[in-house]
Structure formats: C-alpha cells, structure tokens
Amino acid sequence: MEEKKEVLRMENIVKVYSNGVMANKGINFSVLAGEIHALSGENGAGKSTLMKIIFGEEQPTSGDIYVNGEKTIISSPQLAISLGIGMVHQHFMLVPSLTVAENVILGVEPRKGLLINRKKAHRQVEEMADKFNMQVSPRARIEDLTVGQKQKVEILKALFRGAKILILDEPTAVLTPQETTELFEELKRLKSNGYTIIFISHKLNEVKELCDRISIIRQGRSMGLYDMKDVTEQDISNLMVGRDVILNIEKKPPEIGDPTIRVKDLNISGENGKTFVNNVSFLLREGEILGIAGVEGNGQSELAESLTGLRKYNSGSIEMCGKEISGCNIKDIRALSVSHIPEDRMTTGVAPALSITENTLSDKISQEKFSKLGIIDKGKIKQYGLEMAKDYQVLCKNPDVRIDSLSGGNIQKAVLARELSSDPKVIIANQPTRGVDVGATEFIRKRLIKMRDNKKSVLLISSDLNEVLGLSDSIIVMHDGQIVAYFPDAGKISELELGKYMLGIEKQSESEIKEACHGQ
Amino acid sequence: MIDYSFIVDFLFMWIRVATPILLTSLGAVICERTGVVNLGLDGIMLISALFGVLGSAWGGNLFWGLAAGVGAALIVSGVFAYFHLMLKANAVLCGTAVNTIAGGLTVFVLQLATGEKGSSSSLKSFSFPAVNIPIIKDIPVLGDILSGHNVITYFAFLMVIVITVFLYRTPMGLRMRAVGENPSAASSVGQNVVKIRFLAILLCGVMAGMGGMYLSMGYLSMFTRDMVAGRGFIALAACAMGQANPVGALISSMVFSFFDGLSNILQLLQIPSEFVQMLPYGATILGLTVYSIQKQRQKNKKNKEIQQNVIK
Amino acid sequence: MDSNKRIHLIVDMAKLMIAILVSCGLVTAIVLGTSSEPMNAFFSFFIGPFTSFRRIGNIVEAASPLMFTALAVILIFGAGQFSMIAEGAFFIGTLGAMMVATSVPLPTGIHSAVALLVAAAMGATVALIPALLKMKWQVSEVVTSLMLNYIVQFFSIYMVSYYFREVSSSSLASIAFLDTSLLPVIIGGTRIHAGIILAVILCLLIYFLLFRTTFGMKLRIVGNNPKFANYSGIKVTGIMVASQVIAGALAGMGGGAELLGMYTRFKWTSSPGYGWTGIAVALLARNNPLLVPLAALFMGYLNVGANIMARNSDVSSEVVKIIQGVMILMIAAEALLKKWKQRMIVEAAKAETGMKGDVVND
C-alpha cells in the first residue's frame, strides 16, 4: 500500500459512563486518508461510544485523539464538524416537519440580510445532490421520505458542512438490499473523490465487500487492525466474539404439543396508514421455539406488540391459549400465561429508579403470594428478590439496589427472571439478547431452551441470525410486513439462504408459506 | 341597554385586556417551539410590572422604566434558564420557584420602596402613552375601536408578525424549531441546544416582561400586589391552544381575553363579583378542553379514514 | 454496586446542606442590604422562634398545614403528574369544613370528624377534575389545575360572603363555628391542635401506602416509567387519577384541620398559599413521607422567624417566600454537584474493575 496520511488516531481511549458502566477500556484506533475503514464488534462492544467520542458527543474519561497528526480535544460536535468530521447516525438526526434543504442547511444557513436565502439554499443542495448522484428534492419534507432517502439527506448534511471524514453508524441496518447497493455505490464514489469513510457494521459480508481495512473491538478493548485482504470472515468473527461461533446450540429434539398461539389473517397498520403487518397467519405450538427472522422494521415489533396487547390490530384474529384476545387488555393477556420480553428493556422493560426486587414483581405484586388485601408481605418479597437474583444470576450486592445501577446484561437477566418466573405457557421474546454481554446471552438462550423443553411455547423475534438459527425449531421469515418464508426445520437452513428471504430477494410459494398454519 | 356605544366600548376593552395575554403567549410560543414549557411567566410578568414602575419613578422617565422592566425580566428568565438548562432542574419546578420568588420579592421590594405592601400609588411613575393612529382614527366606529390604544398594544399586535417571520424565515428561527422538534438532530450538526433554548427563554422573558409592564404602566398606572393574577398561566394555555404558532396564539388570546373583558363589564351589573372574576379561568379550562376533544376527534377521524382506505 | 447508593446519599445530603446554606446566606444578604438594624433582624429571624414556649408552639402550628399539602404533592408528583391542585384542594377544604362547622350541629368529636371528612371529599372532588380531563382528553393537568386554583378561591370567598357572612363584621368573616366542631388544643400554652397528630399519622400512613401496599408500588412504577407500568399490566390512568384524588383529599383535610384548629371563623380573602409551600416541603423531604414532618417544621421555623422579624424590625416577612423559591430551585437542580458525583462513581468503577488510576495498555 502506498504511503497514506493518517487522518485520525486514537490512543488508549477509556470511557466510564455516569452509571459506572465502562464502555471503552483503552482502545487504539487509526484511520488513513481516503480509505473505507471498517469498525466491527458485537452489539455493546463499545463501537458507538468510540464514535461518539470522535464526534465530540461524549468525552473520553482518559486517552488522546490526534486529527491530521495534531493532538486535539474534540469538545463538541461543532468542533468535530470544523475539523472535517461528519457523522451519519444510525437513528437519523433529522427534523421531520422541516424540508430536506432546511435540514441540510441547519446551522450553516445561506443568508440574505437577516433572513434565510431560500433560493440559494435550494440551489446549493440540489447541486450537491447531483454531484454525488443522490436523488432527493430539496423541497420535500423529511416525514414524506423513504428510509433510504433520509439516509442520503444525512450524508448530504455532513458533506454540506465540509466533512472529509464520514462516520456511518450501522448504515445498512435499516436499508433494503437495493438501497444498500445504492449506498455502497455512493460511498465508493465518495472514496474516489478523496473522502475518508469509517464504516461501522457487524455484517461481515458487507464489510468484506466494501472496506479496505478493519479495526475490531471486543468488550471495550482493541482486538487489532487488519488489512481486509489478510483476514477471512471467519477470522473476523472469531476476533469479534473471541471463540468460534457456536452455531449449533445444544438442544434435544422438540416434543411438539397442542397449539398455543393461533394467528389468522392478521393486519396491523399505524396511525399514518402505514401497513406494518400484512395478512399474516401462523401457529405456535407447545414445546416449540418458533423464530421470526427479518431485518429490523419489517413488522416483527408490531406483531409482538399486538400479541401482547400493547397495540390494537385492524383485522384478523389472534387466539392465545384458546382465547381470542381482541377484547383483552394487557393484564387479561398476561393472565392467559403469556410472558413478554420487550425489545427495548430500558423504555418498556424496567422502571429504572426502582429496585431489582420491585422490577421482578411488577406483574405479580397483587398475587396472594406477595400481598394480602393490598398490603405487601415484605418478607416474602425480599426472599423472592433474593431467589430471583440467585436463580437468574443477576450480579448485584443485593436485590434492593436500583436496577439502573446494573449492566445491560444483568438488567436483561432481571427482566428474564420476571417474565419466566410467572410460569408462562407462551413466551414472546423480542431481541432477548440485544446489547447483552456474551455470558448473559448464553444464559438467556439456555433458559429459553429450558422453557421449551418443559413444553412451553417460545416465539423468538431476533435480527441476530445466529440466534434465530441456533435456537429455533422452525422459522418464519418476515419481509415488508408479510411472511415470505416458513421453514419447518430450522436445522436444515443456512444463514445465507435465510438472508436471501430476509432481504426480500426471494419468496416462497403460497403453499409453502401456508405450512406455517399446519393445515389449520 | 345594549346600544352602539356599549358595543364599541366592549370591543375597545377587549383589545385592551387581550394585550398582556397576547404578549406573554407570544413569548410562550418561542419557548414552546424550542421545547421548553415556561411555567414562570406569571412571576416574570409580576416582577417586570413592579420594576418598570420603580424604574420610571426613580429614573424620572419612561425609558428607565422600560429598561428596568426588561432588565428584571431578563435576570429572572436567566435564573430560570440557568437552573433548568445548566443544572437540569425540572421546568415545572423552576417555574413554580420563579413564581414563588416573584410573589415574595415584589411585595418585599414594594415595601422597601414605598413603605406599603398593597400598591405603588404613592410613587410618581410613568405610563406608556396611548396613541391615535392617523387616518384610522377618523374612520367612524372602527376608529373608536382600533385607535387610541396604548403603544404597547400596537407593539403586541406587531410582534405577531415579527415573531412569525422570525420563526419561519430567519436562521435562528429555523434552529429553534429544529431544537424543539428534535434536539439531538440539532446538536448533531453542532447546534448548541442549551444556548438556543437559553436565548429562547430570554426572548420569552422580554415578551412576558412587556406584558407585565403593560399591566402596571398602561392598563393601570401603578403596581398593585399580585396584579398579574394568573395571566401568565392563561397565556401558557393560549400558546398550547394556538399550537405554538403566533397566529394561533393571537386567536386563543383573543378568545380567553373575551371573557376577561366580559367580566370587566359584568362587574357593573348586579352579578356577584366573585363569579365574574371566575370567568376567564373557567373559560380557559373550557377552551382547552374543547380544543383537546376537537383534536382527538380529528385524529380519530383521520385514523378511521386511513384505515378504511387500507381495508379497501 | 452498593457504593453507588452511598454516593447518591452523600450527594443528596450535600445538596440539601447547600440549599439551606444558600438560603441562610440570602437572608443575611437581604437583611444587611436593606435593614437599618441588621443585628436585631438577624436575632429575630434565626433565634426569635426559640425565645418562648409559645413561639416554639408557633413553629409546630405553622408546620401542620404544610404536612398535609406536602403529602399531597408527594403523591401527585410521585405518579409522574404535575397537577398543582394541592393549593386549590386545601382552600376548598376550608370551605367544606366551614360549612359543616357553622351549620350542622353534631356532638363534640363527631362534629370535627364529619367536618374534616367533608373537607377531604371536596378536596378530592376538585383534584379529580384535572385528573379526569387529562385521562379522557389529554388536557394538560398543569394548566387546568392552575386555573382551578383561582376558580376555587373565588368560589369559596363567594360562598362565605353570600351565605355564611357575619353581618356585624366590617371585614369579610364567616359566622362563628360551633364549639363542638373545633379541634382541641393538645399542648397548653400553645395553639398546637389535634390536627398536627392527624398530620403525623397521615405521614406514617402515606409512607405505608407508598412502600408497603400494592397500590403504592404500582404508583411508584407508574411515576418512574408509565410505559413499563402499562406493559406490566398495570392500569396506568387509574393509578394516576387515584393518586390525584387521594392527594386532593389529603390537602382538603389539611384545609379543614387548619381552619378548625387555628380559627373560630373563616377570614381569608385570598388563598394562603400552603399548596405552593407544600411543593418546597415535599422537595426538602426528598419525597419521603417520613421526612415530611421534619421538612415542614423547618419551613415552619422559617415562617415564624420571618414573622417575628417583620414585627421587631424593618424587614418584611415576604423574605420567606424568596427563600422558599430559592430552595425549590436548589433542590430541583439535578446537575448540582454532578461533576463531583461523577468523579466518585468513576473512582468506584475503576476500583471494581481493578484498574486503579492508570489505564492498562493492551
């Protein structure tokens, strides 16, 4: 490789958050001018934290940053931008009611006297979009755009501010395959124009296709910097997780029993008329883990919400343990022995300021075991909290501490404790191991399998292919709100095959999909 | 009884009582747009009302009154902003604190200045002048209603336009709307959310301060204890009902002050004064409720339409 | 992670001390800046309340109504609501108690009890209005409760002056309460009345309600994270409304107790503002009902001190409102001392991961 200038170097970056979580434990990172540099690591490895530090959104607790060879303290995004660093966030940083142009010029508005020079703004944005071949109208409102178009606006925003180093945080997570292809074209064009790109992803095939070099981090530590041509996907994956990925999680063959969830012609749409779930039918049976695979945002979350009573559905029927739930509230559904591990544990899964014990009891405090005539039995509760912490290996000094003082993995174990200890017949687990450390992940997966071995039903929604393939007995693939594939035996499919359906490249025939209803 | 001059008098009065609510609700619009609920408006109005009077009495002219009133509003708003934005105190609590301080401070300072706790009638303070508008003042009926108001009243109506242009046509207005709707988006392009909100709170303070000064240096020509009487809260309600839009705030302010004006006139009749005094507050609750029901109905209707389309 | 809990506690205490010190400093500054006899004013304010048995009694008397309203505030804020109705509920409570005390003859004891219950019922009713409007139509409870406070004030005064007025009195006053309705004085030489016992009992009860009952636990979950509460199958709106109704009843009963304990006629021409002071007391007590008596006594002490100062010197008693406001600001300031707290947490985290001081280089 020819001599290239180092545009960014980070040394010994340590970051401790105010809740005591240590996200970066001495990371080293270096990027050369004009390269596409991958930053890979598992969920929660500390990638996003590192990027927030580069962009000035977080300050490192210790460590040095060099931009173009000069030691710099990036105290704010403002400073990062003036240093030529631009960020495309995973969750778009756009203002929905404003136009594309307004979003792009925000903060660097062309002026005419005291007012905004709208004409000039529109022209500038148009020119820039043309130059990099990104088709968006400057007059369109953000709320009317597709996800792919929004991402283009994000990139334009960074370029408009003179960014030379572009950071993209898991940019393909929300894109369709075509949009991903388009994005890669755009990024390659940018590279050939001399831009430097930091591409954060854990999709190894994408990384392999697009990037020149790769830095890998694991649990907050650097695992090295490699030329892409020197490493295989297997190598990268080993470095990321620190062992060969166990694709085949040990489990007995399933003993399938009677149906517990019966979904028929289900339709769910949002307030703005967007269709989330489109004519979905399937059956979940006792002793079975049914995996729902799919790129996030293809209706899985809405399906889970409707199954648990958090969201109304428009038409079709959901039968839970033999009862149609259209008239039921959340409490009634829980009373049917349905448990729910929610997608986002901090916003729906816990009350952060309450204790571990209280969090594990939120759904069953009124049961006679814990209270009589509305008065809590303090001793029983305390004992229960201790039991839960012990059974579910929630690492804490004692279960009376606030739950938000724990790490993500331990919080998730507490959520699991609450949901599994109520002796459910059906468990709806939505991204049960997201942002959770390896140890906790393994623990949670084993518990789910144990439930299934005890003749319970598990509906597993996960965007982690390894997880879906490893845990499930049978698999449904969702794309754009529809079921596009059903595999009665999860052991017989490969990751690659699943990927094709997830990305909407292939679709099974009607009759194959109908198999998901097992003739009912 | 209800004759021509009565109606003209009422309409003239209506504009008069609308002025402080309009000014303050325009301030609230700026705050609300950046995502800050300013519950301290009542207190800011009260403090400006007093310091405007004191400034003009001590400085010997109107200018010092204006300077003192605006200055006091800026200081109090600055304290609110510092505690809410820098020290992350809850906005409702900050507002409550400002109102509590204002209630005490104004009486305390009033007593220091005049030896009385009730009003500033012993001070020789200045008021903002009333102005006749050429041409319009000669139009029959209309001239009687629209001309001859206090200069601050005209300022208030002018500010509806100024703030509309500011919010929708200037760089800072764009930034404020962005900060209110998606603060992380604004900060991701290097906008300092705290700074912009700070500025909005200060601007809001100036508007509320003008509203307060109108009460003591226009509507009346002295300060009386607790003279704001919840107008800051009513302005906040007007802002909410006007969907944080200057023109919306104008309309809602006019609706609420209609009842304020009505209560002024009804007091002349044989109706218990306490009942009459309740009117503007009751009207505000009613107005907000009707507005919320309306909003919900529209939403439901829209959803139904969309879903019917989906099913078709 | 116990260290985190300890750090929270230390920082909380330090903040409280700062709030009190700043308040004292503020009084000093105001007195020095405005008074011609500062030493006299200082003495009256800080020492004055302890100079006689009767004055110590005054502190306790002043604390009594604040305990009721602070409990109400704790319940409302605890459920994540920002209704300011404690003020209005207190005042309508005085109206309710006045009506029963003047017009419904009943035996001693029962008479007071009935008056207090009517006061509580009226307080609850008033508090229900913003709660229901919010539940049904999403009307902001902040604004509606503020407006209601004014309506309640005018309505109560209207009732007194049109239906219960003492005709022979030149200023506004109701007819005298029947003797049977008055709350007994419990400590001779003071006016400390049975209402204070009721207040202390209620503090214990509300603590029990919050931390020992299923309702209390649900309320705390709703207040901390309503989405999580809903997901857990808790009826979120029900809890929100119930908490406001109970709070209204508490504040209303407080109004009744204040009226029947301290007065023989209804004489207010405007609301005394105990609902607002209740917010300061609730914050001072860190939202813990068991600490409410202490916080209320402190606030009572400030009030009594300010009154003595106003009588004995040239500094007016409104100083105390300024102090209350400043205290609310200081205690509400989440980020005060944050850097210090953060440093302690970082040290603790480093100690736990075994990385002392320097970072180990990979």
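By convention in this document, chain letters (A, B, ...) are assigned in the order of the sequence lines, proteins followed by strands, and residues within each chain are numbered from 1. Values below: all heavy atoms of this structure, side chains included; hydrogens, waters and symmetry mates excluded.
Looking at every heavy atom in both residues, C:Trp137 comes nearest to B:Ser292 through O-CB, 3.2 Å. For the residue pair B:Ile101 and C:Val326, the shortest heavy atom distance occurs at CD1-N, 3.8 Å. The two residues C:Lys321 and B:Thr100 come nearest to each other via the heavy atoms O-CG2, 3.5 Å. Taking each heavy atom of C:Ile322 and B:Gly104 in turn, the nearest pair found is CG1-C, 4.1 Å. The heavy-atom pair separating B:Ala97 from C:Leu329 by the smallest distance is CB-CG, 3.6 Å.
Counting heavy-atom pairs under 4.5 Å between each of B:Ala229, B:Cys94, B:Gly103, B:Gly282 and chain C puts B:Ala229 at the top. For the set B:Phe108, B:Tyr281, B:Tyr291, the entry with the most heavy-atom pairs within less than 4.5 Å of chain C is B:Tyr281. Of the residues considered (C:Tyr150, C:Trp276, C:Phe155), C:Tyr150 shows the highest number of contacts with chain B, using heavy-atom pairs under 4.5 Å. Chain B forms the most heavy-atom pairs under 4.5 Å with one residue out of C:Leu146, C:Thr144, C:Val143, and that residue is C:Leu146. Annotation: maximal heavy-atom pairing with chain C below 4.5 Å, among B:Gly43, B:Ala240, B:Ala89, occurs at B:Ala89. Considering only heavy-atom pairs separated by less than 4.5 Å from chain B, the leading option among C:Met84, C:Met147, C:Lys136 is C:Met147.
Here the CD-CG distance, from C:Glu318 to B:Leu112, works out to 10.5 Å after rounding to the nearest 0.5 Å. Put simply, CZ on C:Phe82 and CG on B:Leu39 are 10.0 Å apart, with the number rounded to the nearest 0.5 Å. Taking CD of B:Gln277 as the reference point, atom CD1 of C:Ile157 lies at 8.5 Å (rounded to 0.5 Å).
Residues C:Ser316 and B:Gln111 meet the side-chain proximity criterion, which asks for heavy atoms closer than 4.5 Å. Residues C:Ser317 and B:Lys117 are in side-chain contact: their nearest non-hydrogen atoms beyond the backbone lie under 4.5 Å apart. Inter-residue side-chain proximity for B:Ile285 and C:Ile151 is flagged as met; some heavy-atom pair is nearer than 4.5 Å.
Here C:Phe154 and B:Phe275 keep their ring centres 6.0 angstrom or further from each other.
Neither the backbone nor the side chain of B:Val98 has a heavy atom closer than 4.5 Å to any heavy atom of chain C. Looking at B:Phe233, both its backbone and its side chain come within 4.5 Å of chain C, counting heavy atoms on both sides. Looking at B:Thr284, only its side chain comes within 4.5 Å of chain C, counting heavy atoms on both sides. Looking at B:Asn99, neither its backbone nor its side chain comes within 4.5 Å of chain C, counting heavy atoms on both sides. Of the two parts of C:Leu148, the backbone and the side chain both hold a non-hydrogen atom closer than 4.5 Å to a non-hydrogen atom of chain B.
The 12-atom threshold is not exceeded at OH of C:Tyr163, counting heavy atoms of other residues, nucleotides or ligands nearer than 6.0 Å. Sparse packing is recorded around OH of B:Tyr82, with 12 or fewer heavy atoms of other residues, nucleotides or ligands lying under 6.0 Å away.
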